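Only one structure is covered here, and it is reproduced in the block below.
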Number of protein chains: 2
Amino acid sequence: MSILRTPPVAGTADPSGLPANRVAAGALPCNTCAARQFSICAPVSDADLPHFFAMSVKLRFEPRRYLFDEGDAPRYVFSIASGTVCLSKALSDGRRQITGFLFAGDFIGLAHGETCAYTAEALTPVEVCRFPRDRFERYMTEHPHVERRLLQIASTELAAAQDQMLLLGRKTATERVASFLIRLSDRAVAHGRSGNPVCLPMTRAEIGDYLGLTLETVSRTMTQLRKRGAIDLDNTSVVRLTSEETLRRLAGV
Amino acid sequence: MSILRTPPVAGTADPSGLPANRVAAGALPCNTCAARQFSICAPVSDADLPHFFAMSVKLRFEPRRYLFDEGDAPRYVFSIASGTVCLSKALSDGRRQITGFLFAGDFIGLAHGETCAYTAEALTPVEVCRFPRDRFERYMTEHPHVERRLLQIASTELAAAQDQMLLLGRKTATERVASFLIRLSDRAVAHGRSGNPVCLPMTRAEIGDYLGLTLETVSRTMTQLRKRGAIDLDNTSVVRLTSEETLRRLAGV
DNA sequence: CGAATATTTGAACTTAATCAACCGAGGTGG
DNA sequence: CCACCTCGGTTGATTAAGTTCAAATATTCG
């Protein structure tokens, strides 16, 4: 559908070269996930986790592979076990907007209609638990509290989406980049990781596609934030927030 | 909270000057709503509509009054019976982003946490059915199919939000305005009204705050669309789509 | 090491914002 | 009734923010 489409299984970009084996190797109930960091985001209580994840199989996606693409039939729901995924929508001429970055514990694919409304792409090596959509929906119908939890998740995402609209519609480049770094930091803390050296598992181009800027502007703005003493770059993908105070001020409310 | 705040009931901007009377006059169960256009958007089946709307009272808001404001405690949920409402988020210096325009049949206030995440403002005279939040949630718990319906609504809104992110992050001014007009037209059709002479019950400034543009750019872009033969302005708030073909092309996929 | 990829920086350019003037409709009060 | 005011809209001139094009540098990975 999208001109950016990469076949999700077969193709030259698959380093393993063994897609069928890959799937077979991962085709085990994803019980292990339950023991990990899912307490934050799984839409079921701890006691139900094993039963819940028994519906899923664990799979691995290499960087730049698509979990699914805009326009695909929405056959699965995914829970990220590790790695970073981005969701995006594209225009026919290649311009695209990344609508979100997802990390371990996040769910993907809950909000589709007849076709997938966006593309989900692995930015790093990604491990997921994949749930057949029909089984997931049956489970949901049988467990109404899951529906309520999903409604909460959807509400949170909606609030985040509105924040992002404010950022895209009204904030300057500096405010956008500062907001982005703070969000990543806060999110790391919410997931129980350290909030200060912030990891950027995405390229400048991907940050640009998320913030409605070009990769050059992202780069220039980072340099400017460094010169202003708000951040320091350990390397291009690890940012130390030297003055969170300054950074929050520059983020504009 | 927001510097744009206007008191929602008392204050000089209230033409009636009788807020208490207003509420008393409207404090009747909103059964009449059920007979109207709510089949599209109410989260309950037709048979349940009378019982559902019995929880609500009908109220009227004059233009520029706030149904609630960013940061308020979320005490109510609203269903619009008539008129136009906009939802917005503001930065402390007054810049704001309108995240959506709502019309008859739409629900407001479903997705709040501890405080309202956005402001809801009447753009025209607005009639609403107002539901106490706690009663609404109790109803929801007792009627699981309502939760499922709300999840669908939230999913739809999420998809719309992602579309808007693409618009704000990556589309040109022309594409934004063209997309906006098409959306309004499609939405009117979905609500069973005519899609062609499109009514704009909002000012150029409000359109700008929705599209991430200034009012001048919105105005210039409209004249440009007129000169290109895509639209015609009957008056400033009624747009005829003379070539929907052209308009859709200019909207950029 | 060397090719490919990612990042930074510079210079020219473009789009939309800003500042400003003007027009027209509607409402108010003398 | 009419002068006046306000508000919303249009249009013009100028400016600024960010994009585009281009080149140099850094990093990664086989």
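Basis for what follows: all heavy atoms, side chains included, without hydrogens, waters or symmetry-related copies. Computed from a prediction, not measured in an experiment: that's the story for all the values here. Labels below follow one simple rule: chain letters A, B, ... track the order of the sequence lines, proteins then strands, and each chain is numbered from 1.
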Worksheet, complete the sentence: Rounded to whole Å, the CD-P distance (Gln224(A) to dT9(C)) equals 12 Å
Practice prompt. Give a yes-or-no answer on whether the side chains of Lys89(B) and Thr119(B) include a donor-acceptor pair shorter than 3.5 Å.
Written response: no
Practice prompt. Round to the nearest Å and state the distance from Leu168(B) atom CG to dT15(C) atom C1'.
Written response: 16 Å
Worksheet entry | Whether Tyr118(B) and Phe68(B) hold their rings parallel, tilted or perpendicular, with breakpoints at 30° and 60° | tilted
Practice prompt. Could you verify whether a donor N or O on one side chain and an acceptor N or O on the other, from Thr174(B) and Gln224(B), lie under 3.5 Å apart?
Written response: yes
Discussion item. Within the structure provided, determine whether Ser79(B) and Val128(B) are in side-chain contact (heavy-atom separation under 4.5 Å).
Written reply: no
Worksheet item: In terms of side-chain geometry, is the basic nitrogen of Glu62(B) or Arg60(B) positioned less than 4.0 Å from the acidic oxygen of its partner?
Response: yes
Response to the item:
Secondary structure of DNA chain C per the Watson-Crick/G-U criterion (both distances under 3.5 Å; [ ] crossing, | other strand, . unpaired) is ||||||||||||||||||||||||||||||
Worksheet item: Looking at Glu175(A) and Arg248(A), does any basic side-chain N land under 4.0 Å from a carboxylate oxygen?
Response: no
Worksheet entry | Working for salt bridge (Lys or Arg N to Asp or Glu O under 4.0 Å), residues Arg187(A) and Asp106(A) | CA-CA 12 Å; Arg187(A) 190 155 174 188; Asp106(A) 290 329; 2.7 Å; yes
Practice prompt. Could you encode protein contacts along nucleotides 6-19 of chain D as a string, one character per nucleotide from 5' to 3', using B for base contact, S for sugar-phosphate-only contact and - for no contact, with a heavy-atom cut-off of under 4.0 Å?
Written response: ---SBBBB----SB
Worksheet item: Would you call the rings of Phe61(B) and Phe78(B) parallel, tilted or perpendicular, where under 30° means parallel and over 60° means perpendicular?
Response: perpendicular
